2 protein chains.
Amino acid sequence: MVQLGRHFGRGPASLAEIAAEEDLPRAYLEQLVMSLRDAGLVVSTRGAHGGYELARPPADIQMGTILRALEGPIAPMICASDDPEHATTCDRTANCTVNLLWVRIRNAVTGALDSMTLADLVPPRLINVEPATSTATAATPPTATTADPPTLQGALTPS
Amino acid sequence: MVQLGRHFGRGPASLAEIAAEEDLPRAYLEQLVMSLRDAGLVVSTRGAHGGYELARPPADIQMGTILRALEGPIAPMICASDDPEHATTCDRTANCTVNLLWVRIRNAVTGALDSMTLADLVPPRLINVEPATSTATAATPPTATTADPPTLQGALTPS
DNA sequence: GCCAATCCCGAGTGATTTCGTCGGGATTAC
DNA sequence: GTAATCCCGACGAAATCACTCGGGATTGGC
C-alpha cells in the first residue's frame, strides 16, 4: 500500500502500525500483505519488532503489479484477461464481436496502471494529523511541504 | 445489444428472437432491454408482432452510453464515479492519494468506451457458419491503429 | 369480440465475490 | 522465557450478478 511507500527507508512497519494509519482491520490487512509478499513486492521480518517493507524503491513498483498481485489478472471480462493462462474463451467467442471492446478497455486500464508507480502516489511529505512525535513538521525544503500538490486536486473534482 | 444493431432497419425484433440468437434466457434479456429503453436507446412496440429496435442509428450510439445504461455510472471505485451525483466521497478521501489513480483509470475506460460506437461492433456482414477463410485472420483493418483519443492523456501504451 | 403474441414490471432465488473474523502456531528481540 | 510479531487456514456476513416467476397490459389478426 501507499502507506508502506511512505514508510520506505525507515525499516519494517508492523501490521498494527499500518492498520492504525489506514484504519483497516489488522486481520484483513494481513491477508492483503501476504499476497504482496507472495508476489515479491514486500519483504517481511518475523519476530518482535518485525514487520513489512517494500522490496524495492517505490519508483520501481508499478501500480499494475500491485493490483495484479492483489486481485489477479486484469480482465474486464473473462474473455479479455491480461494473463493468457486464464484466457477462458467464453463459449460465444466465435461470434462475439464485443470482445474487441473489452480488449481495448483492458489495454487502456493496464496502460494507465503501468504508467504509474507507487512513487507517484506517495505524497511528497504529507503531514499527518497525528500530533504524536512531531518532528517539527516543516523542517524540509520549501516547496515539498505543501499539503495539497496542484497535480493531485486537478483531476479530482471537475468531471 | 449488438444483435439489435445488426437488425437495424429491419423493423422491431422480439425478445424471443434476440434470446434465441444470443443464447440468453428470455426473461433475463427482458430486464436488460428495459434498462436500455429507459435510457432511450431502444424503442419498443407492444402487442403482437411487437419488439424492440434501436432508437437511432448504430453509429450514433456510444458504447459508453450503453454500459452506463446497463450498469450505472462508470466507477472503478466509489470515490471515482463518472456521475457527480453518485460521487460518494469515501471517508478516507482527505488523505487518499490513490484516488488520483482511480480517476486516471476511469478516464482511460470512459475514453475507450466513448470512442467506440455500436456501429464499430456490428460485423459488416458476417456470414455466419460459412468458413470463409479470407476474412478469418486479417479482420482488423480499421481498428488496429492505436486510436488513442487525445482525452486519454497518453496513458495508453501501444500493446 | 376473442385469442395469441408480445411487452411491462416487481419480487424472489442461487451462486459468486468481497470484505472481514477467528484461532492458533512459528519465529525472533530482549 | 516472554512478549511482539508474522504465518496460515478456515469460517462467515454482505453485496452483487445472473437469472427465474408470475401475473398484468397492449395490440394485430381472425
Side-chain angles (χ1 to χ4, degrees), chain A residues 1 3-4 7 11-55 67-79 81 86 88 90-92 96 98 102, chain B residues 1 3-4 7 11-55 67 69-79 81 86 88 90-92 98 102:
Chain A
M1 288 299 202
Q3 228 70 23
L4 275 176
H7 204 273
S14 77
L15 274 182
E17 282 178 72
I18 308 174
E21 285 175 39
E22 285 274 14
D23 194 30
L24 284 179
R26 203 218 109 199
Y28 179 43
L29 241 191
E30 194 170 334
Q31 284 187 328
L32 301 181
V33 179
M34 301 256 303
S35 305
L36 296 173
R37 187 202 41 167
D38 291 345
L41 293 177
V42 306
V43 292
S44 61
T45 311
R46 303 187 65 167
H49 296 123
Y52 298 91
E53 54 191 321
L54 295 183
L67 260 280
R68 273 179 276 258
L70 290 177
E71 319 203 328
I74 313 281
M77 282 314 247
I78 16 78
C79 52
S81 173
H86 298 77
T88 49
C90 62
D91 42 348
R92 291 193 234 307
C96 173
V98 193
W102 298 136
Chain B
M1 289 296 204
Q3 229 69 22
L4 275 176
H7 204 271
S14 76
L15 275 181
E17 283 178 71
I18 309 174
E21 286 175 38
E22 285 273 14
D23 193 30
L24 284 179
R26 203 220 97 175
Y28 179 43
L29 240 191
E30 195 171 334
Q31 285 187 328
L32 301 181
V33 179
M34 301 256 303
S35 305
L36 296 173
R37 187 201 41 164
D38 291 345
L41 293 177
V42 306
V43 293
S44 62
T45 312
R46 303 186 66 168
H49 297 124
Y52 298 91
E53 54 191 323
L54 294 184
L67 259 279
L70 290 178
E71 318 204 327
I74 312 284
M77 281 315 247
I78 16 77
C79 52
S81 173
H86 297 79
T88 49
C90 62
D91 42 347
R92 291 194 234 307
V98 192
W102 298 136

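We name chains A, B, ... by the order of the sequence lines, and we start the count at 1 in each one. Quantities reported herein were computed from a predicted structural model and do not represent experimental measurements.
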*What is the distance, rounded to the nearest whole Å, between atom CD of B/Glu17 and atom P of C/dC7?*
9 Å
*Over how many whole Å does the gap from B/Leu29 atom CG to C/dC7 atom C1' extend?*
13 Å
*Considering all heavy atoms of both residues, which atom of B/Ala75 and which atom of B/Ser81 are nearest to each other, and what is their separation?*
CB-CA, 3.5 Å
*State whether B/Ser44 places a side-chain N or O below 4.0 Å from either non-bridging phosphate oxygen (OP1 or OP2) of C/dT6.*
no
*Would you mind classifying the nucleic acid contact of A/Gly47 as base, sugar-phosphate or nothing, using non-hydrogen atoms under 4.0 angstrom?*
base
*Between A/Tyr52 (OH) and D/dA4 (P), how many Å, whole number?*
17 Å
*Tell me, which pairs form a side chain to side chain donor-acceptor pair (under 3.5 Å) where one or both residues lie in residues 26-47 of chain B, sequence neighbours left out?*
B/Arg26-B/Glu30
*Looking at B/Ala69 and B/Leu36, what are the two nearest heavy atoms and their distance?*
CB-CD2, 4.2 Å
_Atom pair distance, as rounded to whole Å: CZ in B/Arg46 and P in D/dG24_ = 14 Å
_Using 0.5 Å steps for rounding, measure from the OH atom of A/Tyr52 to the CG atom of A/Leu41._
13.5 Å
_Proximal nucleotide (of D/dG28, D/dC21, C/dA29) relative to the B/Ala27 side chain_ = D/dC21
_Nucleotide D/dC19, atom P - distance to CG of B/Leu15 in whole Å_ = 15 Å
*asked:* Closest-nucleotide mapping onto DNA chain C: is B/Ser14 or A/Ala48 further toward the 5' terminus? I mean the 5' end.
replied: B/Ser14
*Measuring from A/Cys79:SG to A/Trp102:CH2, what's the distance to the nearest 0.5 Å?*
8.0 Å
*Can you give one letter per nucleotide of nucleotides 8-18 of chain D, 5' to 3': B if a protein heavy atom sits under 4.0 Å from the base, S if only from the sugar-phosphate, - if neither?*
B-B-------S
*To the nearest 0.5 Å, how far apart are CE in B/Met34 and CG in B/Leu15?*
10.0 Å
*Find the distance A/Leu32:CG to C/dT18:P and express it as a whole number of Å.*
12 Å
*Figure out the CD/C1' separation between B/Glu53 and C/dT6, and round it to whole Å.*
14 Å
*Inter-residue atom distance A/Glu17.CD - A/His7.NE2, 0.5 Å rounding*: 5.0 Å
